[in-house]
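Worksheet: the structure to be examined is printed underneath.
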Amino acid sequence: MNARSSALPDFPWDLLEPAKAKAAAYPDGIVDLSVGTPVDPVPPVVRQAIADNSDTPGYPLTAGTPALRDAIGGWLARHGRTSAELGVLPTIGSKELVAWLPTLLGVGPGDRVVIPSVCYPTYEVGARLAGAEVIRSDSLTALGPDRRIAMIWINSPSNPTGRVLPVEHLRKVVTWARERGVTVVSDECYLTLGWESTPVSILDDRVTDGDPTGVIAVHSLSKRSNLAGYRAGFVGGDKAIIRELLAVRKHAGMIVPAPVQAAMVAALTDETHVDEQRARYAARRDVLRTALVKAGFEISHSEAGLYLWATRDEECWATVDRLAARGILAAPGAFYGPSAARHVRVALTASDERVSAAADRLAEPFTD
């Protein structure tokens, strides 16, 4: 048997275990700011929906219920600011879609997939699973006339940097891709978490002129609605691409459970819980940002999303170790690309009490 895992990089979070153990030994315990795992309650409206739909013995629809498709389409129209008629599809969270998307769309050996120079590691994993070559680039010019490029990933707001791409940049990407028959995939899981600038969807009419051909956007309810445990995501855009995804996913049994589909409808049609969660993250962000700056960190980008992209202008693992000595666990920038090796990613997803504890610990002098 040819082990597929041999073509993949090391699972990054396994490499963080020594620092995690060190942080856990700190008096009063660890403050884990390494992974963007929600810690706040699932909204009552969502829990009620899943309870009301728990008696669903039959097979659910891969395409999603009509109510869910309507809810996804309506949400994308409002928040994506698109007037286009879109194809939509629920997914089992967003990570599985990211990992399998190149394979599902027929990308394979001999093809190339472009990913941002600093980005979510699963973009690379998905390309490798498909047998394609990965190119890290933020510049269309640097790609040249390469006809082997089949797909380009963009991510705005970025994980991990929090950078937001403007309309003009997104338009250039779409134009460039259409001229070459390249599929554009935009990871927009943090679209509603703009702090210092307003994120723009790839589906926005100002980007596509109302035509989503060749373009799809990936979304998740994990962060927006604290549904990471539900595995609730969706994709929308070019109808032809969505039809192809649906056709393959039906054969593969990639189906969102029926109770989760009902929960997604409730989450997508209620904004009250979203506003409340945004306020929580905004307060935690202010506390952590102030504490990091006072401790001598520089914050890069971070104008949106769930993370602060911080540096002390030293090798990232040294920073991780210094923080771990204070009981704080952060993610090393090296997880996200070679050019990120002097930054760490600090998540906002910890309780108010743990965030306050982190701020107190950051006040300790960084002399070691």
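Aromatic ring centres of Trp309 and His343 lie closer together than 6.0 Å.
Among Cys316, Pro121, Pro116, the single residue meeting the side-chain contact (heavy atoms from CB on, under 4.5 Å) criterion with Tyr336 is Pro121. Results of the side chain to side chain donor-acceptor pair (under 3.5 Å) test with Arg342 over Asp313, Thr311, Thr319 single out Asp313 as the only residue that passes.
Between Asp111 and Val107, the closest heavy-atom pair is OD2-CA, 3.5 Å. Nearest heavy atoms, Arg345 versus Ala330: O-CB, 3.6 Å. Ser94 and Cys189 get closest at one heavy-atom pair: OG-SG, 3.8 Å.
A salt bridge links Asp28 with Arg361; the closest basic N to acidic carboxylate O contact falls under 4.0 Å. Taking the charged nitrogens against the carboxylate oxygens, Asp40 and Arg284 do have a contact shorter than 4.0 Å, which makes a salt bridge. Between Glu124 and Arg136 there is a salt bridge, since at least one side-chain N of the basic residue sits less than 4.0 Å from a carboxylate O of the acidic one. Salt bridge status for Asp352 with Arg280: absent, with no side-chain N to carboxylate O gap under 4.0 Å. A salt bridge does not link Asp321 with Arg326: every distance from a Lys NZ or Arg NE/NH1/NH2 to an Asp or Glu carboxylate oxygen is 4.0 Å or more. One finds a salt bridge joining Glu196 and Arg285 here, because a Lys/Arg side-chain nitrogen approaches an Asp/Glu carboxylate oxygen to under 4.0 Å. Salt bridge present: Lys239 and Glu85 bring a charged side-chain N and a carboxylate O closer than 4.0 Å. Ion pairing of Arg224 with Glu271 is present here, as a side-chain N (NZ or NE/NH1/NH2) and a carboxylate O approach within less than 4.0 Å.
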Test Ile115 against Tyr120 for side-chain contact (heavy atoms from CB on, under 4.5 Å), laying out the working first. CA-CA 9 Å; Ile115 66 176; Tyr120 183 46; over 6 Å; no
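Classified by interplanar angle (parallel below 30°, tilted 30° to 60°, perpendicular above 60°), the ring pair Phe234/Trp75 is perpendicular.
Side-chain contact between Asp204 and Thr82 is absent, with no heavy-atom pair separated by less than 4.5 Å. At least one side-chain heavy atom of Val355 sits under 4.5 Å from a side-chain heavy atom of Val287. No side-chain heavy atom of Trp195 sits under 4.5 Å from any side-chain heavy atom of Glu303. In this structure, Pro332 and Leu16 have side chains that are in contact, with non-hydrogen atoms separated by less than 4.5 Å. Side-chain contact between Leu165 and Val200: absent, with no pair of heavy atoms (C-beta onward) separated by less than 4.5 Å. Looking at heavy atoms from C-beta onward, Val42 lies in side-chain contact with Tyr230 at the 4.5 angstrom threshold. Side-chain contact between Arg178 and Thr183 is absent, with no heavy-atom pair separated by less than 4.5 Å. A heavy-atom distance below 4.5 Å is not found between the side chains of Val46 and Leu221.
Using modelled atom types, one side-chain atom of Arg69 and one backbone atom of Gly64 make a donor-acceptor pair closer than 3.5 Å. For the pair Asp270 (side chain) and Ala266 (backbone), a donor-acceptor distance under 3.5 Å is absent. Judged by distance alone, the side chain of Ser201 and the main-chain N or O of Leu203 form a donor-acceptor pair under 3.5 Å. For Glu188 (side chain) and Leu191 (main-chain N/O), no donor-acceptor pair under 3.5 Å exists by modelled atom type. Side-chain atoms of Glu133 do not come within 3.5 Å of backbone N or O of Val113 as any donor-acceptor pair. A donor-acceptor pair under 3.5 Å is formed between the side chain of Arg171 and the backbone N or O of Arg206. At distances below 3.5 Å, at least one donor-acceptor pair connects side-chain atoms of Thr349 with backbone N or O atoms of Val35. Between the side chain of Ser356 and the backbone N or O of Arg354, no donor-acceptor pair lies under 3.5 Å. Judged by distance alone, with hydrogens and angles left aside, the side-chain atoms of Asp32 form a donor-acceptor pair with the main-chain N or O of Ser34 at under 3.5 Å. No side-chain donor-acceptor contact under 3.5 Å links Asp360 to the backbone of Ala357.
When the side chains of ILVMFWY residues are joined at heavy-atom separations under 4.5 Å, either directly or via intervening members, Val118 and Trp317 end up in a single hydrophobic cluster. One hydrophobic cluster holds both Val248 and Leu89 under the rule that ILVMFWY side chains link at heavy-atom gaps under 4.5 Å. Under the 4.5 Å side-chain heavy-atom criterion for ILVMFWY residues, no single connected hydrophobic cluster contains both Leu33 and Tyr26. Under the 4.5 Å side-chain heavy-atom criterion for grouping Ile, Leu, Val, Met, Phe, Trp and Tyr, Val164 is not connected to Leu306 through any hydrophobic cluster. Linking ILVMFWY side-chain heavy atoms closer than 4.5 Å, directly or via other members, places Ile202 and Val167 in a single hydrophobic cluster.
Between the side chains of Asp205 and Ser83, at least one donor-acceptor pair of N or O atoms lies under 3.5 Å. Ser220 and Ser222 share a side-chain donor-acceptor pair at under 3.5 Å. Looking at Arg163 and Asn155, their side chains never bring a donor and an acceptor atom within 3.5 Å of each other.
The CD1 atom of Ile216 sits 5.5 Å away from the CD1 atom of Ile241 when rounded to the nearest 0.5 Å. Note that CG of Leu101 and OG1 of Thr122 are 12.5 Å apart. Values are rounded to the nearest 0.5 Å. Note: Leu68 CG to Ile72 CD1 = 4.0 Å, rounded to the nearest 0.5 Å. From Ile328, atom CD1 reaches atom CG of Leu292 across 8.0 Å, with rounding to the nearest 0.5 Å. With rounding to the nearest 0.5 angstrom, the CG atom of Leu246 is 6.5 Å from the OG1 atom of Thr62. The distance from the CD atom of Glu364 to the CG atom of Leu362 is 8.5 Å, given to the nearest 0.5 Å.
By the side chain to side chain contact (heavy atoms under 4.5 Å, CB included) test, Thr91 pairs with Glu96, Leu97, Val235, Arg249, sequence neighbours left out.
The environment of CG in Asp14 is crowded: more than 12 heavy-atom neighbours from other residues, nucleotides or ligands sit within 6.0 Å. More than 12 heavy atoms of other shown residues, nucleotides or ligands fall within 6.0 angstrom of atom CZ in Arg78.
Within the structure, ring-ring contact (aromatic ring centres under 6.0 Å, His included) pairs that include any residue of residues 269-294 do not occur (at least two apart or interchain). Among residue pairs with one or both ends in residues 129-163, those qualifying as ring-ring contact (aromatic ring centres under 6.0 Å, His included) are Tyr123-Trp153; sequence neighbours excluded.
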